[in-house]
Amino acid sequence: MMKEAAFIKRSSGSHWVGDGFPVRTLFSYHDIAAEMSPFLLMDYAGPVDFAPTSERRGVGQHPHRGFETVTLVYAGGVSHRDSSGGGGTIGPGDVQWMTAASGLIHDEYHCADFARQGGPFEMVQLWVNLPAKDKMAAPGYQGLTADQIPTVALPQEAGTARIIAGRYGDTRGAARTFTPMNVWDLRLQAGRTLSIDLPAGHTTALFVLRGSLQIGAHTIRAAELAIMQREGTQLVCDIPEEAVVLLLNGEPLNEPIVGHGPFVMNTQQEISQAIHDYNSGKFGQIVH
Ligand code: MN
């Protein structure tokens with residue numbers, strides 16, 4: 001059975017995260033939680049041109065607990081450091097998969113080379129929820145470079161998929177995840193049809209960065225997100241023009257979500273604990 005689009009989302013405005021990331025929020029658990037689980041939030045930064053600078057543009061030290069932040073760079077470069085000892089610089093095609101879990105403090109800046117040269121910047125940041133049993137697991141950091149992310153050919157010469165997380169046929173994605181999910185960077189060919197099978201009952205959404213997709217009667221254009229019905233396993237999209245699309249697919253957690261700023265837990269009591277632990281210095285500090 002073919003999946004149908006449930007609804008299409010676009011951002012109604014943009015805001016700055018620090019002074020480095022002009023973002024459009026495509027969804028968050030404040031507006032659609034159950035429908036997008038295990039994905040909590042998606043910010044799309046750019047595309048935008050930055051002038052060269054000697055300043056550090058970005059967002060300074062801040063905490064997270066209870067989930068993972070996944071940063072995909074399409075243009076430009078980002079450097080990050082965190083209090084669990086993780087850190088690194090990622091560029092186009094690279095992905096930073098950071099597990100905040102029990103808590104860490106990090107900062108996120110344009111990398112020094114990109115800041116000095118300036119140019120186009122484009123990035124997606126996802127917040128991926130953790131199941132209740134893993135929210136207090138140890139923090140972790142996976143810096144996934146483009147050459148570690150396998151690329152597979154899609155059927156019917158529809159293009160290619162970079163398997164950042166999950167599995168396509170026998171090909172396993174680069175990232176370790178706590179629950180079953182697929183995060184794929186699709187590069188699709190004009191005039192072809194994307195036709196793939198996905199697990200039954202899982203959340204599925206397609207974010208178009210460039211080009212457009214046709215799903216049934218719906219046209220999904222750049223900076224728009226199509227959220228698919230859970231029913232059905234066959235995803236079929238026509239590709240009217242060359243497109244870059246981020247596919248999100250995952251098993252819903254079906255657990256309560258209580259969030260406060262950078263903390264996303266299951267109960268209000270756990271949020272109070274997170275604030276208390278952060279204020280008591282239990283999230284550690286970034287070692288320079
Ligand atoms: Mn952050």
Side-chain angles (χ1 to χ4, degrees), residues 11 14-30 36 38-46 48 50 55-74 76-91 94-112 114-115 121-130 134-144 164-165 175 177-178 183 246 248 257-265 270-271 274-275 277-279 281-288:
S11 175
S14 69
H15 62 278
W16 283 82
V17 175
D19 62 0
F21 310 108
V23 305
R24 288 175 271 184
T25 299
L26 269 299
F27 67 88
S28 94
Y29 63 93
H30 297 293
M36 286 308 302
F39 305 101
L40 289 168
L41 176 147
M42 181 176 150
D43 274 350
Y44 179 42
V48 65
F50 280 96
E55 305 283 303
R56 286 183 92 199
R57 288 201 194 99
V59 54
Q61 297 193 16
H62 59 278
H64 292 293
R65 174 181 277 183
F67 60 100
E68 303 183 288
T69 66
V70 177
T71 305
L72 299 83
V73 173
Y74 290 86
V78 178
S79 287
H80 139 103
R81 294 171 308 163
D82 71 61
S83 57
S84 76
T89 295
I90 56 169
D94 302 336
V95 175
Q96 175 199 97
W97 198 291
M98 187 187 82
T99 304
S102 64
L104 49 64
I105 292 170
H106 78 150
D107 58 26
E108 302 161 89
Y109 288 104
H110 293 187
C111 68
F114 173 70
F121 186 87
E122 187 177 26
M123 178 190 110
V124 167
Q125 187 170 83
L126 294 167
W127 288 14
V128 177
N129 208 358
L130 291 171
D134 295 317
K135 280 184 178 288
M136 294 302 282
Y141 176 80
Q142 301 173 68
L144 311 171
I164 296 163
T177 66
F178 283 77
V183 177
L246 180 62
L248 306 179
I257 297 174
V258 181
H260 177 81
F263 310 127
V264 183
M265 303 299 290
E270 289 168 339
I271 291 294
I275 294 168
D277 289 349
Y278 172 59
N279 288 335
K282 289 192 180 156
F283 284 35
Q285 55 189 9
I286 298 172
V287 177
H288 292 260

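Numbering of ligands and ligand atoms starts at 1, following listing order.
A donor-acceptor distance shorter than 3.5 angstrom exists from the side chain of S83 to the backbone of I105, with no hydrogens or angles considered.
Here the angle at the Mn ion (ligand 1) defined by NE2 in H64 and NE2 in H106 stands at 90°, rounded to 10 degrees.
The aromatic rings of F121 and F21 sit tilted relative to each other, their planes meeting at an angle between 30° and 60°. The aromatic rings of H64 and H62 sit perpendicular to each other, their planes meeting at more than 60°, with 30° as the lower class boundary.
The atom name of the N/O/S atom in H62 closest to the Mn ion (ligand 1) is NE2. Distances from the Mn ion (ligand 1) to each N, O or S atom of E108 single out OE2 as the nearest.
Judged by distance alone, the side chains of Q125 and E108 do bring a donor and an acceptor atom under 3.5 Å apart.
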